[in-house]
Amino acid sequence: MLLVSHYVARSKIHGLGVFTRVPIRAGATVWRHDPMFDVDIPAATLAQFPEDLAQTVRHHAEYLPHLGIFRLGNDGDMFMNHSDDPSLIDRGEEMIAARDLAAGSELTCDYAQVCVLGYENAVLPLLEAAA
């Protein structure tokens, strides 16, 4: 769950993105997993979803292979885009600001750290880890 006031708008990176409404200091916690708010979907059940819904999960949820689940946020974090220079650093159950962020900054993460299977390069780290 995003812990900062935010909004979803057009992104220069891809489609829609999530942006902060307020300035954020480097190191501040911006997102934290909240089991009462975020939805964990067992990977084994994804085959039971209609294809369009399964596609939504693959493109918008983080895949946690060690748990065998897709974690889908219920707020703007589902629109967080990848960046090679992300504004947020993944710390597992939370994300922190990589640097000071001005209001209006797009909140991004590194899909090599946050595994989103719908991202074209997301499977490579899984294959490398399995080797």
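Worth knowing before you read on, the calculation uses all heavy atoms, side chains too, and leaves out hydrogens, waters and symmetry mates. Position 1 is the first residue of the sequence, and the numbers go up from there.
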Does some side-chain heavy atom of L107 sit less than 4.5 Å from a side-chain heavy atom of L2?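 Of all side-chain heavy-atom pairs linking L107 with L2, at least one is under 4.5 Å.
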Check whether any side-chain heavy atom of V39 lies under 4.5 Å from a side-chain heavy atom of N74, and answer yes or no.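 Counting from C-beta outward, V39 and N74 do come under 4.5 Å.
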Compare every heavy atom of [Y] with every heavy atom of [X], then report the nearest pair and how far apart it is.
X    : Y    : answer
A97  : L101 : CB-CD1, 4.3 Å
S11  : G17  : CB-N, 3.7 Å
Q113 : D90  : O-OD2, 3.6 Å
L117 : C115 : CD2-SG, 3.7 Å
I69  : R71  : CD1-NH2, 3.7 Å
A43  : Y63  : CB-CE1, 4.0 Å

For T108, run the side-chain contact (heavy atoms from CB on, under 4.5 Å) check against L88, V114, I13 and tell me which one passes.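 Result: among L88, V114, I13, I13 is the only option passing the side-chain contact (heavy atoms from CB on, under 4.5 Å) with T108.
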With F70, the side-chain contact (heavy atoms from CB on, under 4.5 Å) member among L46, D40, L64, T45: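 Only one of L46, D40, L64, T45 forms a side-chain contact (heavy atoms from CB on, under 4.5 Å) with F70, namely L46.
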Taking atom [atom1] of [X] and atom [atom2] of [Y], what is their separation to the nearest 0.5 Å?
X    : Y    : atom1 : atom2 : answer
Y111 : M80  : OH    : CE    : 8.5 Å
N81  : L16  : CG    : CG    : 8.5 Å
I41  : R58  : CD1   : CZ    : 11.5 Å
H6   : W31  : NE2   : CH2   : 13.0 Å
D34  : E93  : CG    : CD    : 10.5 Å
H82  : C109 : NE2   : SG    : 8.5 Å

Name the orientation class of the two ring planes belonging to Y7 and F19 (parallel below 30°, tilted from 30 to 60°, perpendicular beyond 60°).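 Judged by the thresholds at 30° and 60°, the geometry between Y7 and F19 is parallel.
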Between the main-chain N or O of E106 and the side-chain N or O of S87, is there a donor-acceptor pair closer than 3.5 Å?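 Yes, because the side chain of S87 sits within donor-acceptor range (under 3.5 Å) of the backbone of E106.
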Can you tell me if D110 uses its side chain to pair, donor with acceptor, with the backbone of P86 under 3.5 Å?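 Checked: no pair found.
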Identify whether V30 and F37 are in the same connected component of the hydrophobic contact network (ILVMFWY, side-chain heavy atoms under 4.5 Å).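 Result: no, two separate clusters.
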Taking a hydrophobic cluster as the set of Ile, Leu, Val, Met, Phe, Trp and Tyr residues connected by side-chain heavy atoms closer than 4.5 Å, whether directly or through intermediates, do L72 and V8 fall within one such cluster?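 L72 and V8: one cluster.
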